[in-house]
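Taking it in order: structure first as structure tokens, then the write-up.
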Amino acid sequence: MTTPTLLPHHDGSPLHVSTQTPALGELVRVRLRVPADYPALRAVRTLSNPDHEPAWTEATELRTADGWSWWEAPIVVRNRRHGYRWLLVHESGRVEWLNQAGLSDLETRDADDFALVAHPAPPEWMYDAVMYQVFPDRFARSEAADRHPTPDWAIPARWDEPVDPVMPGRSQQFYGGDLDGIRERLDHLADLGVNLLYLTPFFPAASNHRYDASSFTRVDPLLGGDEALIRLVEAAHERGIRVIGDLTTNHSGDRHEWFQAALGNPEAPEGEFYYFTDAERTRYESWLGTPTLPKFNWASSELRRRFVEGPDSVVAQWLNPPFSLDGWRIDVANMTGRLGDVDLNAEVRQLTRQTMIETNPDTILIAEITNDASGDLTGDGWHGAMTYPSFARPLWAWLCEPTGTPYLTGDGQERTEPWFFGQPVGGIPRYDARQFVGAVTRFTAGIPWRVRLGNMQTLDSHDTARFATNAPAEAIPLAVGLSMTLPGMPVLFAGDEFGLVGADGEASRTPMPWGTESDPEVAARLDLYRQLIALRRRHPGLATGGLRWVHVDQNAVVFVRESAEESILVLAATTDADVTLPSAALLGAERAEALFGDAALAAAADGSVGIRSTGPTFAAWALPGVDVPESREGSGDGDA
């Protein structure tokens, strides 16, 4: 069974929404496409809920072109996040609803509505970004690194020594990578084609991961200090590569100067920065009970002033010259400001973003929200999220093997089930292509389109097993290709392009195997990444174009990213594919230009389109852009 090819369609892209940056009170025109041979409609309307009160507008049919009938409705933006859905009333009396979860004959929920976002928009460059994530201790050592003394907390390791996944090595094994080492390898990033570098924390700490910062106002001397970060950012900018850092707004380290000032000192003003649970300030709340990571109490106005609010805050310091970072990724953003019945998360993210706008509006703010992110991704603060259920987890479930490599837990006990994003499910779930699409749709349905484009499309990260650990080699092009072509920000975790493996988040933090670039397997993997990154960056429709699924079966998905200038057709199949699409499913298929992959596309005389491939395949074609009808500026304005 396959999904129907032609159904009424709307998404948040410029094809269907007149502006991506609406203001409060602005009239926005939204368009719906209905197949020309769809059952006759008596009326098409939008339902919004401004101030949580239903409001309707009538849609006007514009014209029919290329097998689609276009309808347009006006919506006045009444709230910062203004949700809306489509109502289709058939001549037969049947009613259908269309929201981001899809077409339904049942009334739908507000949470899955399309949404217009009237908060300040992210910078345009975010949509074109291909991110490269670096874990500084494991990327590269400069000559200067040899002169740094080994810190008291560290267990020194040679660059070619295996990662120790068991405590204390898990957090204290120290390879000594530094920021000048990253700077000296920037040509590697430029050669790949990435244009955004994400650094995990560079603050002084007592671990190799540095999420237990002892200060937020200086760079760890082991990484080269402040001057090394300045050199790195300047060199990256010269190559057209932007750089973002990593902040832990949920907690500090127990060696942090603020925490040390408060610990055991009831008079210290910093005591209000944390959740101390006794009068002597010796007991406190921490991240998941980890005593080295005391949790911040964001009810403190002074913590807000020092950390996230205004020109003298930590957030602003690193965005200003001479550091000139291009944004932040916020660690454990989902837990920030939350404890029991306290929830200050929205206040913290809004203050953080406001400071960034005032300091440098050309910066981005990405949140780590590893599970369902929809509740926090309203556009009021986070531009997107590092989140797993909307792409990475279903991708693994579809493309990876059902079993994986045993690994060691923190207590040294071997576990036989493979790692799967911290879920105690006994192995990697098994999805087919339809379930993959279903999961992607489910976990993006509650996220405004503009915000979805800022979500990190990770195959893996410093907190996860490596995708290649459990995926067959033939699945790698499919996974990388999908990360580059589905809506969102593609992400490459340093080492993926070398084929590195790792059975969990600690084992994945493997030092980069510099010098192996000429090995045949590595060279082939590097070339794959170069080609697919180039595909993404050469075609703007892959950054901001709409998304329409045109075929989904058990083993294959076919979708098109559409814009007025150009559309990109994509096939991802795990076995032989033999797909026939009816007339009007793809516009201009007879003029398709092959861009990547070994698959055949042919347009028949009756207008149908055949797509054929053998074995696991990722393929892409360029198609003509979509003919968008002119608006009827004078018709149907205002709420009905």
Side-chain angles (χ1 to χ4, degrees), residues 133 163 165 370-371 386-409 414-443 455-486 488 490-510 521 524-525 528-529 532 552-557 570-577 597 613 615-619:
Q133 181 191 358
V163 170
T370 56
N371 293 298
M386 184 181 194
T387 184
Y388 300 123
S390 61
F391 178 70
R393 288 209 298 247
L395 185 81
W396 278 57
W398 179 29
L399 298 181
C400 287
E401 301 290 353
T403 59
T405 306
Y407 67 97
L408 296 177
T409 62
E414 185 175 277
R415 303 291 295 274
T416 55
E417 70 267 20
W419 180 94
F420 190 68
F421 297 88
Q423 295 188 343
V425 294
I428 300 174
R430 300 304 299 147
Y431 285 3
D432 60 21
R434 288 171 297 191
Q435 290 171 303
F436 166 74
V437 172
V440 170
T441 301
R442 172 175 293 180
F443 283 98
N455 278 358
M456 292 168 59
Q457 300 273 82
T458 55
L459 302 185
D460 44 42
S461 75
H462 68 298
D463 284 329
T464 78
R466 296 265 188 182
F467 178 78
T469 306
N470 298 305
E474 59 269 21
I476 301 298
L478 278 71
V480 180
L482 288 168
S483 76
M484 297 292 165
T485 55
L486 283 170
V491 181
L492 168 58
F493 177 34
D496 282 349
E497 74 274 31
F498 284 81
L500 293 185
V501 297
D504 68 2
E506 303 298 334
S508 293
R509 302 173 184 181
T510 309
E521 289 187 8
R525 186 68 56 86
L528 172 70
Y529 273 93
L532 289 172
V552 182
D553 62 33
Q554 186 173 354
N555 301 308
V557 301
V570 173
L571 163 72
T574 53
T575 62
D576 295 356
S613 66
T617 302
F618 178 83

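Residues take their numbers from the sequence shown, with the count starting at 1.
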Whether the side chain of [X] engages the backbone of [Y] through a donor-acceptor N/O pair (distance < 3.5 Å, no angle test) should be reported.
X: Thr617; Y: Ala573; result: no
X: Thr469; Y: Gly502; result: yes
X: Arg466; Y: Ala503; result: no
X: Arg434; Y: Val557; result: no
X: Asp504; Y: Ala465; result: no

Look up atom [atom1] in [X] and atom [atom2] in [Y], then write down how far apart they are to the nearest 0.5 Å.
X: Tyr529; Y: Ser483; atom1: OH; atom2: OG; value: 7.0 Å
X: Phe391; Y: Leu482; atom1: CZ; atom2: CG; value: 5.5 Å
X: Gln423; Y: Asn371; atom1: CD; atom2: CG; value: 7.0 Å
X: Asp496; Y: Asp460; atom1: CG; atom2: CG; value: 4.0 Å

Sequence neighbours left out, what passes salt bridge (Lys or Arg N to Asp or Glu O under 4.0 Å) with Arg509? Give chain and number order.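 If we apply the salt bridge (Lys or Arg N to Asp or Glu O under 4.0 Å) test to Arg509, skipping adjacent residues, the hits are Asp463, Glu506.
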For residues Thr464 and Phe493, determine if any side-chain heavy atom of one lies less than 4.5 Å from a side-chain heavy atom of the other.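 Not touching, per the 4.5 Å side-chain cut-off.
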Below 4.5 Å, heavy atoms only, C-beta onward: do Leu528 and Pro477 meet side chain to side chain? yes
Give a yes or no on whether Phe498 atom CZ has more than 12 heavy-atom contacts from other residues, nucleotides or ligands under 6.0 Å away. yes
What do you reckon, is CD of Glu521 surrounded by more than 12 foreign heavy atoms closer than 6.0 Å? no
Taking all non-hydrogen atoms of both residues, which atom of [X] and which atom of [Y] are closest, and how far apart?
X: Ala479; Y: Leu395; value: CB-CD2, 3.8 Å
X: Arg430; Y: Ala397; value: NH1-O, 3.3 Å
X: Arg393; Y: Pro389; value: NH2-CB, 3.5 Å
X: Ala475; Y: Leu399; value: CB-O, 3.9 Å
X: Ala468; Y: Arg525; value: CB-NH1, 4.4 Å

Of all residues at least two apart in sequence or in a different chain, which pass the side chain to side chain contact (heavy atoms under 4.5 Å, CB included) check with Asn555?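 For Asn555 the side chain to side chain contact (heavy atoms under 4.5 Å, CB included) partners, ignoring immediate neighbours, are Asp553, Thr574, Thr575.
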Under the side-chain contact (heavy atoms from CB on, under 4.5 Å) criterion, do Trp398 and Gln435 qualify, and how do the steps go? CA-CA 8 Å; Trp398 179 29; Gln435 290 171 303; over 6 Å; no
Go through the structure and list residues passing ring pair (Phe, Tyr, Trp, His ring centres under 6.0 Å) with Trp396, not counting sequence neighbours. Trp419, Phe421, Phe467
For Pro394, run the side chain to side chain contact (heavy atoms under 4.5 Å, CB included) check against Tyr388, Phe443, Phe436 and tell me which one passes. Phe436
